[in-house]
Number of protein chains: 2
Amino acid sequence: MNSQVEENYLKALFYLSIDNEDGVSVKVLSKHLDIKMPTVTSMMKKLAAKHLVNYESYKPLKLTEKGTKEAALVIRKHRLTEMYLVEKMHLGWEQVHDIAEQIEHIKSPEFFSKMDELLGYPKIDPHGSPIPDKNGKMVWKAYNKLSECKVNDTVKIAAVINTSDEFLTFLNGRDISLGLEMTIQSIEQFDNTIVVSYNKHSSETLSHRVCERLLVEKY
Amino acid sequence: MNSQVEENYLKALFYLSIDNEDGVSVKVLSKHLDIKMPTVTSMMKKLAAKHLVNYESYKPLKLTEKGTKEAALVIRKHRLTEMYLVEKMHLGWEQVHDIAEQIEHIKSPEFFSKMDELLGYPKIDPHGSPIPDKNGKMVWKAYNKLSECKVNDTVKIAAVINTSDEFLTFLNGRDISLGLEMTIQSIEQFDNTIVVSYNKHSSETLSHRVCERLLVEKY
DNA sequence: TAATTTTGTTAGCCTATTCTAACTTTTTAG
DNA sequence: CTAAAAAGTTAGAATAGGCTAACAAAATTA
Ligand SMILES: [Mn+2]
Ligand SMILES: [Mn+2]
Ligand SMILES: [Mn+2]
Ligand SMILES: [Mn+2]
């Protein structure tokens with residue numbers, strides 16, 4: 001059984017591996033977890049001893065098959081929890097991450113399979129991220145960043161890349177949530193700011209920074 | 001903020017203090033937590049430094065006012081969780097204790113107040129134990145042990161003293177649950193075994209050991 | 001290629017929580 | 001009122017996770 005701390009390292013490696021196919025550096029993992037490099041190195045040796053990470057001095061870190069699966073199963077619990085908190089407990093999508101960060105470590109298969117059942121076996125979490133299945137398999141749909149769309153495109157918000165309280169509260173303030181349809185009115189060439197319209201919002205201006213963090217489905 | 005381990009010590013002291021008005025011995029606390037006496041001693045010194053326990057060498061242990069309140073608030077979270085798991089997630093009353101033992105340590109006031117709200121501010125948990133209020137105040141109703149009742153008494157099951165999986169599964173097997181009304185048919189003088197009737201069970205024999213762990217309301 | 005900078009590792013130390021062995025105080029028996 | 005037993009404490013060590021300082025390797029720069 002992995003400890004809470006070990007699980008958090010596995011998750012971090014899993015996330016960072018998405019952008020770094022050839023492995024994750026100690027530096028990057030250290031920054032991500034806000035844990036000093038020497039501590040990370042020693043934990044990597046420990047996880048290597050448990051066959052969860054392939055570790056070789058000075059080489060990029062890679063999760064093993066086993067480590068990948070265990071990481072995905074923690075992420076599964078995290079995302080199921082977030083979905084449960086939003087759907088069944090009516091907490092805001094900006095509140096649930098921090099709670100899920102803790103509940104994901106609860107040791108109780110029945111608890112999570114009951115959540116799954118009550119939710120009707122959801123495929124995505126409240127932020128649009130896919131929930132890995134019981135075998136740790138996860139498939140990302142091919143979404144586009146809003147920042148990459150063109151004028152007059154009509155799109156549906158499918159997922160948010162950043163799940164920080166601040167970003168989600170920003171979106172709440174503009175009534176932007178998953179499933180919302182919007183049309184791109186104009187794009188400012190100078191700074192890539194996009195003006196969109198949706199529902200009662202006939203002209204909402206979104207910065208490039210924001211648009212890069214919104215994944216959409218095109219029609 | 002108290003650690004998970006500290007919270008478990010506080011809870012244990014709180015429970016053991018109920019029967020031991022004059023304080024809890026290191027021995028008893030050690031046995032209860034299955035942690036060796038020297039470890040308990042050092043934790044008591046630590047909790048004393050935090051003003052949660054009154055500790056004096058060789059004297060019985062007592063929670064301070066502050067310690068009592070913090071313990072009660074952890075118990076509140078434990079019992080709210082158990083109630084939530086039974087009422088909203090449809091888990092069995094024999095399954096919820098182990099999960100609540102973990103969830104009680106989650107740091108998130110909103111999570112627990114939402115639970116409380118969704119449950120309609122319950123006063124008791126699924127085992128009939130009172131849920132402390134937000135100030136840590138808890139009142140036990142004056143129930144009787146089934147073992148202390150007389151022939152022909154009609155009683156309602158109000159609480160179970162033992163909340164182990166085994167005991168509750170034993171009760172499940174006999175369709176005994178909170179709120180059940182039963183009538184005492186006879187009491188065997190030799191071993192205090194009690195024969196009761198209820199619903200479709202016209203003659204169920206319960207050992208003294210079992211009857212001592214069932215709290216009832218008399219009619 | 002040689003010097004620098006960046007990244008990664010080692011060594012040594014810290015806190016939290018636990019343990020065993022040895023010693024001390026209290027309690028209980030006789 | 002002693003002497004043995006029980007309960008409690010002290011000392012020393014272990015494990016999990018973290019940190020800093022110093023050193024080493026790899027990657028960059030010049
Ligand atoms: Mn999250
Ligand atoms: Mn976590
Ligand atoms: Mn319980
Ligand atoms: Mn607990």
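Proteins get letters first, then strands, A, B, ... in listed order; numbering begins at 1 in each. Because the structure is predicted, anything quoted here is derived from the model rather than measured.
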Check your understanding: Which is it for B:Lys50 and B:Asn2 under the side-chain hydrogen bond (donor to acceptor under 3.5 Å, both in side chains) test, yes or no, and what are the steps along the way?
Key -> CA-CA 9 Å; B:Lys50 296 176 81 171; B:Asn2 302 317; 3.0 Å; yes
Check your understanding: Does B:Lys59 put a side-chain nitrogen or oxygen below 4.0 Å from OP1 or OP2 of C:dT25?
Key -> no
Exercise for review: Look at the side chain of B:Asp191 and the backbone N and O of B:Thr193, then say whether any donor-acceptor pair between them is shorter than 3.5 Å.
Suggested key: yes
Check your understanding: Going by the angle between their ring planes, with limits at 30° and 60°, are B:Phe170 and B:Phe167 parallel, tilted or perpendicular?
Key -> parallel
**Study point:** ring-ring contact (aromatic ring centres under 6.0 Å, His included) partners of residues 27-82 of chain B, not counting sequence neighbours, each pair once
**Key:** B:His78-B:His97
Point to revise | Side-chain (A:Ser42) to main-chain (A:Thr39) donor-acceptor, under 3.5 angstrom | key: yes
Exercise for review: May I ask you to test the B:Cys211-B:Glu148 pair for a side-chain heavy-atom distance under 4.5 Å?
Suggested key: no
Review point. Rounding to a whole Å, what distance do you find between B:Lys27:NZ and C:dT24:P?
Key: 20 Å
**Study point:** Closest approach of B:Cys149 to B:Ile184 (non-hydrogen atoms, all atoms of both residues)
**Key:** CB-CD1, 3.3 Å
Check your understanding: Can you list every side-chain hydrogen bond (donor to acceptor under 3.5 Å, both in side chains) pair that touches residues 105-127 of chain B, not counting sequence neighbours?
Key -> B:Glu7-B:His105, B:Glu7-B:Lys107, B:Asn8-B:His105, B:Arg76-B:Asp116, B:Glu82-B:His127, B:Ser108-B:Glu110
Check your understanding: Roughly, in whole Å, what's the span from CG in A:Leu61 to C1' in C:dT9?
Key -> 13 Å
Review point. Is the shortest side-chain N/O distance from A:Tyr55 to OP1 or OP2 of C:dT9 below 4.0 Å?
Key: yes
Exercise for review: Check the distance between D:dA14's P and B:Ile35's CD1 and give it to me in whole angstrom.
Suggested key: 20 Å
Review point. Whole-Å distance between C:dT15 C1' and B:Met1 CE?
Key: 19 Å
Exercise for review: Report which part of the nucleic acid A:Lys31 touches: base, sugar-phosphate, or nothing (heavy-atom distance under 4.0 Å, all strands).
Suggested key: nothing
Check nucleotides 20-27 of chain D for protein N or O atoms closer than 3.5 Å to its own N or O atoms and list the pairs.
unit_1, atom_1, unit_2, atom_2, d
D:dA25, O4', A:Tyr58, OH, 3.3

Check your understanding: When the distance from CD of B:Glu56 to P of C:dT26 is rounded to whole Å, what number comes out?
Key -> 12 Å
**Study point:** Contact under 4.0 Å: B:Ser25 side-chain N or O vs D:dA7 OP1/OP2
**Key:** no
Would you give me the side-chain donor-acceptor pairs under 3.5 Å for residues 21-28 of chain B, sequence neighbours excluded?
unit_1, atom_1, unit_2, atom_2, d
B:Ser25, OG, B:Val28, N, 3.0

Point to revise | Interface with DNA chain C, restricted to residues 98-107 of chain B and to heavy atoms under 4.0 Å | key: none
Point to revise | Between P of C:dT7 and CE of A:Met44, the distance in whole Å | key: 18 Å
Check your understanding: Which ones in residues 8-24 of chain B lie close to DNA chain D, meaning a heavy atom under 4.0 Å from one of its atoms?
Key -> none
Check your understanding: Do other residues, nucleotides or ligands put more than 12 heavy atoms under 6.0 Å from the NZ atom of A:Lys66?
Key -> yes
Point to revise | Check: A:Thr64 side chain, A:Gly67 main-chain N or O, donor-acceptor pair, under 3.5 Å | key: yes
Exercise for review: Walk me through it: do A:Gln95 and A:Asp165 pass the test side-chain hydrogen bond (donor to acceptor under 3.5 Å, both in side chains)?
Suggested key: CA-CA 7 Å; A:Gln95 300 179 279; A:Asp165 189 337; over 6 Å; no
Review point. Rounded to whole angstrom units, what separation is found between the CG atom of A:Leu47 and the P atom of D:dA16?
Key: 12 Å
Practice item. Looking at every strand, decide which applies to B:Ser42 at a 4.0 Å heavy-atom threshold: base, sugar-phosphate, or nothing. Key: base
Exercise for review: Grab the CD-P distance between A:Gln4 and D:dG18 for me, whole Å please.
Suggested key: 10 Å
